[in-house]
Amino acid sequence: MTLTVLVAYKTRSTMLDKLIYIETFGCQMNVNDSERIVSMLAELGYAPTNDPATADMILLNTCSVRGGAEEKVYRRLANLRIYKRDGKKQIIAVGGCVAQQEGEELLRKLPYLDLVIGTHNLHLLPDMVIGAEHGERRSETTFIDNEQRLDLFPSIKGESRLSRFVTVMQGCDNFCSYCIVPFVRGREISRRSKDILTEVRQLADDGVREVILLGQNVNSYGSKIDYEPTFAELIQQVAEIKGIDRIRFTTSHPKDMSDDLIACFGNVPKLSGQIHLPAQSGSDAVLSLMGRGYTRNSYLEKICKLKTIRPDIVVTGDIIVGFPGESDADFEQSLSLMEEVRYIDLFSFVYSPRPGTKAAKLHDDLPRTLKMSRLDQLMELQRRITREISQTYIGSIMNVLAEGEGKLPGQISGKADIGRIVNFTGDVSMIGSFIDVKITKAYPNSLLGELYK
Ligand code: 5AD
Ligand code: SF4
């Protein structure tokens, strides 16, 4: 899932006399890391801004999941450096997976760059920023592949919001043949359940109503530690915490989607009715080359079980087109999988080889134009499916966590149990509550509704 997010938060009550501008690329892990960075740097007096021109510090939180990521970062930095000209004292920093990969090389190539911070080194950032304020240039990209990584992981402090990510595990052991994540994020390490539960209790005390359990592959949570609960058990434990009324999780690997976890969608009412379950392809031949560890049929069986247990469940997914050797027939299988699953949203990617991965050694034989036309076809189909599903919601009642004011006056915006954004007429006193809303109109990315009395 690739998105670009500008992090914008309200300022805290502490003296915030400097501004930081953060651009976040890539997955929710990165969005969450950016929140951590904002929280850490608030203690040094930095408040977030959406304007790089006025910022005292600019940070790019990067993602290297897809090809061209490095060039994109260089281009973006070149654009952003204009704000540093005229002798302005401005710190420019790069974090995330590209920083992890490139390390000091970035400092060598870019004389105006001040800091490079790897994926396991966030705890060093305040110290690095203090150094940079005094003209020090520094790169920290030590890879930590043991449990110490968790102890060093800074927590998010301060300001309460209604929905928060809680990291349950980091890294990945799957080594899907196309994926760079295990190389830049490290091997899978689960957090202790007692630490997770303590954090969730604290969030509940701070007024948080929804938690999103986060990890590269949350459903293999605890599988390496005998005495820790399974992910299904962890969800049940989180559900017992008073004040937390909705639980989501992301992201899941189909091969680790156990029957116990599927059963949670039936017996844990607080568990949201939406699941992100990336298939990557609908063709067994491609799935095998990708090293995914499941077949089209076993994937569809899991979807079927989920829909049996929770008939209104909505599924989102990821599909890669143009994997080496993907034939027309293989691609057709992905399209037909989409029709069978009926994803409400799909994140689609054109395959790009990542250095060091197994698939990078395969002959990438498909012309770019073919890959692009497959992507267009797939996106066209998805637009139709999204539209059709969304239309079925008109007239239904959805329970919405009111999270803030909408874009239009008198409008409140929130998220339904199925994860869709719902805008409805209401007033600010509703923010923080779960409100029943009758859906009146469906848009491609959101729903419109009115109060249901
Ligand atoms: N090329 C294209 N897409 C990729 N993804 C991961 N690696 C690659 C790659 N090399 C996609 C997968 C994954 C999502 C986060 O990014 O679909 O689920
Ligand atoms: Fe990458 Fe596969 Fe791990 Fe997902 S499960 S992060 S695609 S290696």
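In this chain, residues are counted from 1 in sequence order. Every number for a ligand or one of its atoms is a count from 1 in the order of the listing. As a basis for the values below, the full set of heavy atoms in this structure was taken, side chains included, without hydrogen atoms, waters or symmetry mates.
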Basic-acidic side-chain contact under 4.0 Å: [X], [Y]:
X: Arg185; Y: Asp145; result: no
X: Arg149; Y: Glu147; result: no
X: Arg296; Y: Glu301; result: no
X: Glu380; Y: Arg384; result: no
X: Asp417; Y: Arg310; result: yes
X: Asp114; Y: Arg137; result: no
X: Arg161; Y: Glu403; result: no
X: Glu326; Y: Arg374; result: yes

Say whether, by atom type as modelled, one donor and one acceptor occur between the side chain of Thr62 and the main chain of Val98 under 3.5 angstrom.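 Flag set: sc Thr62 to bb Val98 pair under 3.5 Å.
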I'd like to check the side-chain contact (heavy atoms from CB on, under 4.5 Å) partners of Ala360; sequence neighbours left out, ordered by chain and number.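 So Ala360 forms a side-chain contact (heavy atoms from CB on, under 4.5 Å) with Pro353, Thr357.
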Find all atoms of ligand 1 within a distance of less than 4.0 Å from any non-hydrogen atom belonging to [X], and give their numbers and elements.
X: Ile320; result: 3 (N), 4 (C), 5 (N), 12 (C), 17 (O)
X: Gln280; result: 12 (C), 13 (C), 17 (O), 18 (O)
X: Tyr351; result: 1 (N), 2 (C)

For atom 1 (N) of ligand 1, which candidate among Ser352, Ala359, Ala360 provides the closest heavy atom?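 Shortest heavy-atom distance from atom 1 (N) of ligand 1: Ser352.
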Test of understanding: given a 4.0 Å heavy-atom threshold, classify the contact between Val65 and ligand 1 as side chain, backbone, both, or neither.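 The part of Val65 near ligand 1 is both the backbone and the side chain.
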Location of contacts on Thr357 toward ligand 1, heavy atoms closer than 4.0 Å: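 For Thr357, there is no contact with ligand 1 at all, from either part.
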Does the separation of the ring centres of Tyr294 and His253 fall below 6.0 angstrom?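 For Tyr294 and His253, the ring centres are under 6.0 Å apart.
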Take every heavy atom of Ile319, measure it against each atom of ligand 1, and state whether any distance is under 4.0 Å.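 Heavy atoms of Ile319 never come under 4.0 Å of ligand 1.
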Polar proximity ligand 1 side, [X] side, N/O cut 3.5 Å exclusive:
X: Arg354; result: no
X: Tyr178; result: yes
X: Asp318; result: yes

Minimum-distance protein heavy atom relative to atom 7 (S) of ligand 2: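 The closest heavy atom on the protein side is Tyr178 OH, 3.4 Å.
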Tally of protein N, O or S atoms, where distance to atom 2 (Fe) of ligand 2 is under 2.8 Å: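 Step by step: take atom 2 (Fe) of ligand 2, keep protein N, O, S below 2.8 Å, and you get 1.
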